[in-house]
Amino acid sequence: MPGEVQRGLEDVVALESRICFIDGQQGRLIYRGFDIRELAAGSTFEEVSYLLWYGRLPTRTELAGLRQRLEALRSVPEALSRELEALPVSANPMDVLRTAVSALAVFEPEETAPGPSSIGGAQRLTAALPTILGEFQRRRAHLPPLEPRPNLSHAAYLVYALLDREPSELEARAIDVALILHADHELNASTFAARVTASTLSDLYSAITSAIGTLKGPLHGGANERVMEMLEEIGSVDRVEEVVKGKLARHERIMGFGHRVYKVEDPRATILRGWARRLGEAKADLRYSELLERVVQVVHREKGLYPNLDLYSGAVYALMGIPRDLFTPVFAASRVVGWTAHVLEEYDDLRLIRPTSSYVGPTDLSYVPLGERG
Ligand code: ACO
């Protein structure tokens with residue numbers, strides 16, 4: 001007999017993993033044994049990627065090797081660029097990303113085979129996502145694609161591909177930290193989707209296609225774009241109280257707040273809040289920081305909810321000039337590392353993920369032939 005239904009699989013332990021640990025009571029996030037606060041303070045996205053994929057920190061030579069590999073894998077096939085050109089410029093960039101990963105599997109089938117060799121596909125996808133997003137961004141601005149650039153960190157290349165400019169040192173570090181913070185988060189909805197797909201022994205690119213589709217939703221990665229819409233709606237600090245209370249009275253969710261696992265503030269939000277302020281100070285634009293500070297006070301007072309990562313990521317990206325509908329794709333450009341690390345772990349210890357449901361419909365209806373149904 002099936003057990004009690006846990007709606008949304010809340011608190012259900014689905015599998016064992018060595019990749020990521022969240023202590024929701026203490027507000028701690030651990031990647032492969034290392035506290036996110038230490039990683040955000042001292043490491044780089046490439047180093048964290050190595051850590052998540054290989055399970056340990058790289059030596060300097062190993063890290064240099066990974067950097068080189070990612071740089072070398074930035075170009076995408078001509079055939080994929082042509083596919084992207086066929087998409088309407090009005091397309092949602094998450095749809096473009098999902099379509100591009102799916103199409104890339106057709107052009108590079110050798111990278112997608114399930115098993116340990118999928119590490120090559122993981123690095124390929126990680127390197128290619130900024131280029132794919134950049135090509136789409138250029139196209140909708142009616143500009144020719146940029147040549148992929150070596151000699152830039154992954155974070156700096158992402159900014160270059162999207163904005164056709166190299167970031168300042170502060171911007172490069174801010175985006176690097178944002179990528180580190182987004183790289184993995186245990187069995188969140190998109191990672192679970194990737195693992196479910198991989199557990200059927202389907203290929204890596206199919207798993208990542210599933211994950212991108214899952215991240216797109218506003219209750220998951222899409223929340224960062226909605227936060228910025230809310231800030232726009234609020235407009236000024238003196239309107240925070242009225243707008244937030246109005247939303248709560250209408251039982252609307254306040255985006256960027258609450259979390260299934262964290263019962264205190266999301267540690268990633270704490271770190272990113274600092275970066276949003278630092279960037280704001282450098283650009284003499286503290287509008288977002290001031291609005292967010294007040295929103296946090298009001299939401300906490302009214303609902304007892306704490307901010308999550310998505311509350312601050314939009315401010316960081318907006319201050320750099322990244323278009324709003326690319327916020328969730330930027331999230332994907334980081335999370336692809338976590339997704340692929342989880343898929344590799346799944347291949348390594350594979351068991352088909354197939355839960356069961358509690359059937360609450362009838363079981364004894366009599367079939368009436370169509371002709372007798374009027
Ligand atoms: N605004 C208003 N109320 C909220 C919010 C919110 N952001 N989050 C939770 N609540 C309330 C719910 O209405 C519910 O209240 P009720 O019991 O009176 O009905 C209660 O808190 C519990 O909510 P659930 O939806 O059961 O909690 P769940 O664990 O399913 O939700 C979620 C987690 C989906 C993240 C939720 O907090 C939410 O919708 N937040 C806004 C979207 C968001 O910021 N998503 C980003 C998540 S982090 C990430 O993906 C990187």
Side-chain angles (χ1 to χ4, degrees), residues 5-14 20 22-25 27-29 31 36 40 94 177-194 210-231 233-234 240-241 243-273 275-276 292 294-317 324 326-339 342:
V5 175
Q6 298 293 338
R7 289 193 71 231
L9 299 184
E10 183 162 5
D11 294 330
V12 171
V13 180
C20 184
I22 305 171
D23 182 339
Q25 302 297 333
R28 288 182 76 213
L29 171 60
Y31 291 170
I36 193 71
M94 283 298 277
V177 171
L179 294 180
I180 291 170
L181 298 177
H182 284 84
D184 195 41
H185 211 227
E186 202 227 28
L187 218 50
N188 58 87
S190 55
T191 302
F192 189 54
S210 301
I212 294 171
T214 310
L215 185 71
K216 183 184 168 194
L219 295 188
H220 192 4
N224 54 13
E225 297 175 23
R226 307 294 171 96
V227 169
M228 297 313 281
E229 281 165 21
M230 176 179 72
L231 295 189
E233 181 189 344
I234 294 172
V240 169
E241 187 100 18
V243 175
V244 169
K245 279 185 171 168
K247 283 182 182 299
L248 292 176
R250 293 189 297 278
H251 301 289
E252 284 175 32
R253 295 204 167 212
I254 313 294
M255 294 292 141
F257 286 88
H259 199 276
R260 177 61 66 80
V261 185
Y262 293 116
K263 302 305 169 206
V264 293
E265 181 168 278
D266 177 341
R268 304 167 302 170
T270 318
I271 299 168
L272 221 46
R273 175 165 56 231
W275 280 99
L292 289 171
R294 186 76 189 118
V295 172
V296 168
Q297 286 167 355
V298 176
V299 173
H300 190 255
R301 189 192 66 212
E302 295 295 318
K303 274 300 262 194
L305 290 168
Y306 291 96
N308 61 50
L309 170 75
D310 279 337
L311 190 71
Y312 298 102
S313 57
V316 169
Y317 305 149
R324 191 178 303 166
L326 294 181
F327 294 176
T328 314
V330 167
F331 186 159
S334 161
R335 184 58 60 84
V336 66
V337 170
W339 290 332
H342 277 270

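Whatever order the structure lists ligands and atoms in, that order sets their numbers, starting from 1. Quick caveat: nothing in here was measured; it's all calculated off a predicted structure.
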Exactly one candidate in Val295, Ile254, Leu311 meets side chain to side chain contact (heavy atoms under 4.5 Å, CB included) with Val227; the answer is Leu311
Those residues at least two apart in sequence (or on a different chain) that pass salt bridge (charged side-chain N to carboxylate O under 4.0 Å, His left out) with Arg335 are none
Check: What do you reckon, is CZ of Arg260 surrounded by more than 12 foreign heavy atoms closer than 6.0 Å?
Finding: yes
So the salt bridge (charged side-chain N to carboxylate O under 4.0 Å, His left out) pairs with at least one residue in residues 249-259 (sequence neighbours excluded) are Lys247-Glu252, Arg250-Glu252
Residue set satisfying ring pair (Phe, Tyr, Trp, His ring centres under 6.0 Å) with Tyr262, at least two apart, ordered chain then number -> His185, His259
Please tell me if the side chains of Met228 and Phe327 come closer than 4.5 Å, counting only heavy atoms from C-beta onward.
-> yes
Short N or O separations between ligand 1 and the protein, below 3.5 Å:
residue	atom	partner	partner atom	Å
ligand 1	1 (N)	Ile254	N	2.8
ligand 1	7 (N)	Ile254	O	2.7
ligand 1	7 (N)	Phe257	O	2.9
ligand 1	25 (O)	Arg253	NH1	2.8
ligand 1	25 (O)	Arg253	NH2	2.8
ligand 1	29 (O)	Arg260	NE	2.7
ligand 1	30 (O)	Arg260	NE	3.4
ligand 1	30 (O)	Arg260	NH2	3.0
ligand 1	37 (O)	Phe257	O	3.4
ligand 1	39 (O)	Arg253	NH1	2.8
ligand 1	40 (N)	Phe257	O	2.9
ligand 1	44 (O)	Gly256	N	2.8
ligand 1	44 (O)	Asn308	ND2	2.9
ligand 1	45 (N)	Leu219	O	3.2
ligand 1	50 (O)	His220	O	3.4
ligand 1	50 (O)	His220	ND1	3.0

